[in-house]
Amino acid sequence: MKLVDAHIHLSEVEYADHLGEVIADAVDNDVSALITCSTDLRTCQRDIELAEQYPKLIYPALGVHPYNVNFLKPDELQEIIDLILRQNQRKCPVAIGEIGLDCTYDTIWERQLFVFDKMLHVAEQLELPVIIHSRGTTDKIVDMLQSYNVKRVLLHWFSHTIDTLNKSIDLGYFISEGPPIVYSGILREIVKQTPITNLLTETDGPVPYRKNPFNDQLTKPSYIRHVLDAIAEIKNTDVSDVAEQIAKNFETFFNVKL
Ligand SMILES: [Zn+2]
């Protein structure tokens with residue numbers, strides 16, 4: 001089986017002293033590919049380095065997380081855009097992300113919109129897929145995306161609503177879900193309603209998960225095994241069939257050969 005983590009943040013400080021352990025955990029557990037998502041200039045640079053260090057295992061998505069839009073230095077947004085444009089000539093990044101809008105950061109709403117628009121234009125220009133953070137804003141983002149020429153869209157940690165889910169699936173968008181589908185009724189329902197051909201697996205590490213079997217430990221790529229087991233259980237199908245289809249989805253979405 002080839003397992004995939006379509007959303008992890010390997011450049012976050014929580015992983016700094018544990019990188020060897022995390023890579024070994026991925027390799028020992030058949031996790032064949034990790035998409036490391038950047039959130040600002042520092043993590044963009046670091047994620048590029050990691051991808052160079054671990055080719056055919058780590059692939060970078062470059063972008064600005066909505067949380068960070070207010071902490072960008074004056075020229076940082078332009079520096080990130082220039083970096084992405086330069087890197088693109090070397091088949092890197094494989095996606096623009098993590099980008100999006102978050103309703104809980106409402107005091108920086110205008111700034112979020114400004115940065116999100118810039119990032120979507122970069123994705124259009126380079127014909128790259130986008131990895132979207134949409135806490136409380138999924139309906140709005142799915143509407144907004146109609147006016148951009150972005151074909152491959154991944155709605156990460158999709159949580160509501162079923163109407164928006166159906167609309168997203170009709171548009172050919174992908175949904176990624178992670179460890180909480182082991183215990184969250186709402187997310188299990190989302191997985192149930194999402195065709196397996198539109199589904200990807202993620203950990204969103206180093207985000208910790210409090211409940212069993214994760215118990216607040218450092219989030220690792222091997223958590224994907226629990227995610228696949230949960231999908232197989234929800235869909236009442238074989239875990240190896242689930243893994244195979246998700247690996248195919250990953251290759252199609254990111255244009256990467258596993
Ligand atoms: Zn994330």
Side-chain angles (χ1 to χ4, degrees), residues 5-15 35-44 47 61-73 76-77 80 95-123 130-148 150 153-165 167-168 173-191 194 200-211 214 216 218-219 223 227:
D5 187 345
H7 192 120
I8 188 166
H9 301 276
L10 293 172
S11 296
E12 288 304 312
V13 287
E14 289 89 335
Y15 285 134
I35 302 291
T36 183
C37 292
S38 310
T39 57
D40 60 4
L41 181 60
R42 182 195 71 81
T43 51
C44 282
D47 283 332
L62 304 181
V64 181
H65 191 286
Y67 175 78
N68 279 327
V69 302
N70 217 29
F71 302 110
L72 295 176
K73 296 185 190 80
E76 192 168 337
L77 178 61
I80 291 170
I96 299 300
E98 174 174 357
I99 60 171
L101 301 170
D102 191 314
C103 73
T104 57
Y105 318 136
D106 56 345
T107 54
I108 51 167
W109 184 251
E110 291 304 318
R111 187 79 186 136
Q112 287 192 65
L113 281 170
F114 178 80
V115 172
F116 187 41
D117 173 72
K118 289 273 186 199
M119 289 289 119
L120 288 171
H121 281 307
V122 173
V130 288
I131 299 176
I132 304 277
H133 171 108
S134 63
R135 178 159 51 183
T137 57
T138 317
D139 297 15
K140 181 176 175 54
I141 287 180
V142 170
D143 281 343
M144 272 176 76
L145 287 174
Q146 310 307 303
S147 51
Y148 293 86
V150 179
V153 174
L154 176 56
L155 298 166
H156 129 79
W157 203 326
F158 190 104
S159 58
H160 73 283
T161 59
I162 294 292
D163 279 354
T164 307
L165 177 70
K167 192 173 172 189
S168 306
Y173 294 174
F174 282 70
I175 306 298
S176 61
E177 295 295 351
I181 66 166
V182 171
Y183 48 78
S184 157
I186 293 166
L187 296 181
R188 290 174 76 89
E189 187 57 29
I190 298 289
V191 170
T194 305
L200 282 166
T201 48
E202 64 172 37
T203 59
D204 203 16
V207 171
Y209 303 98
R210 236 165 273 151
K211 294 193 182 171
F214 312 112
D216 243 345
L218 181 67
T219 293
Y223 285 13
V227 178

S159 OG to L165 CG distance, which is reported to the nearest 0.5 Å = 10.5 Å
Answer yes or no: is there a side-chain heavy-atom contact under 4.5 Å between I132 and Y173?
-> no
State, yes or no, whether a side-chain contact exists between I190 and I162 at a heavy-atom distance under 4.5 Å.
-> yes
Enter the distance from T36:OG1 to E98:CD here, rounded to the nearest 0.5 Å.
-> 10.5 Å
Between the CZ atom in R42 and the CG atom in D47, the distance rounded to the nearest 0.5 Å is 8.5 Å
Judged by modelled atom types alone, do T137 and S134 share a side-chain donor-acceptor pair under 3.5 Å?
-> no
So which heavy atom on C103 is nearest to which on G136, and how close?
-> SG-CA, 3.7 Å
Note, K167 side chain near D143 side chain (heavy atom, < 4.5 Å) = yes
Check the pair T219, D204 against side-chain contact (heavy atoms from CB on, under 4.5 Å), reporting the backbone distance first and the verdict last.
-> CA-CA 8 Å; T219 293; D204 203 16; over 6 Å; no
Can you tell if the side chain of L77 reaches within under 4.5 Å of the side chain of M119, non-hydrogen atoms only?
-> yes
Salt bridge (Lys or Arg N to Asp or Glu O under 4.0 Å) involving R135 - partner list, sequence neighbours excluded = D102
Quick one: does I35's side chain get under 4.5 Å of E202's, heavy atoms only?
-> no
F214 side chain reached by T203 side chain, heavy atoms, under 4.5 Å | no
Starting at CG of L62, measure out to OG1 of T43 and round the result to the nearest 0.5 Å.
-> 8.5 Å
Ring geometry between H156 and H7 (parallel below 30°, tilted from 30 to 60°, perpendicular above 60°) = parallel
Spacing of OG1 belonging to T138 relative to NE2 belonging to H160, to within rounding of 0.5 Å | 5.5 Å
For the atom pair CG (L41) and NZ (K73), what is the distance rounded to the nearest 0.5 Å?
-> 7.5 Å
Expected output: side-chain T39 to main-chain V64 donor-acceptor under 3.5 Å = no
Side chains of F71 and D40: closer than 4.5 Å at any heavy-atom pair?
-> no
Taking the side chain as every heavy atom from C-beta outward, state whether L101 and P66 have any pair of such atoms under 4.5 Å apart.
-> no
Looking only at heavy atoms, the pair that brings C37 and I131 closest together is SG-CD1, 3.9 Å
Pairs satisfying ring-ring contact (aromatic ring centres under 6.0 Å, His included), at least one member in residues 97-118, at least two apart | Y67-Y105
Name each donor-acceptor pair under 3.5 Å that joins a side chain in residues 177-184 to protein atoms two or more places apart or in another chain, with its distance.
{"unit_1": "E177", "atom_1": "OE2", "unit_2": "F158", "atom_2": "N", "d": "3.3"}
{"unit_1": "S184", "atom_1": "OG", "unit_2": "L187", "atom_2": "N", "d": "3.2"}

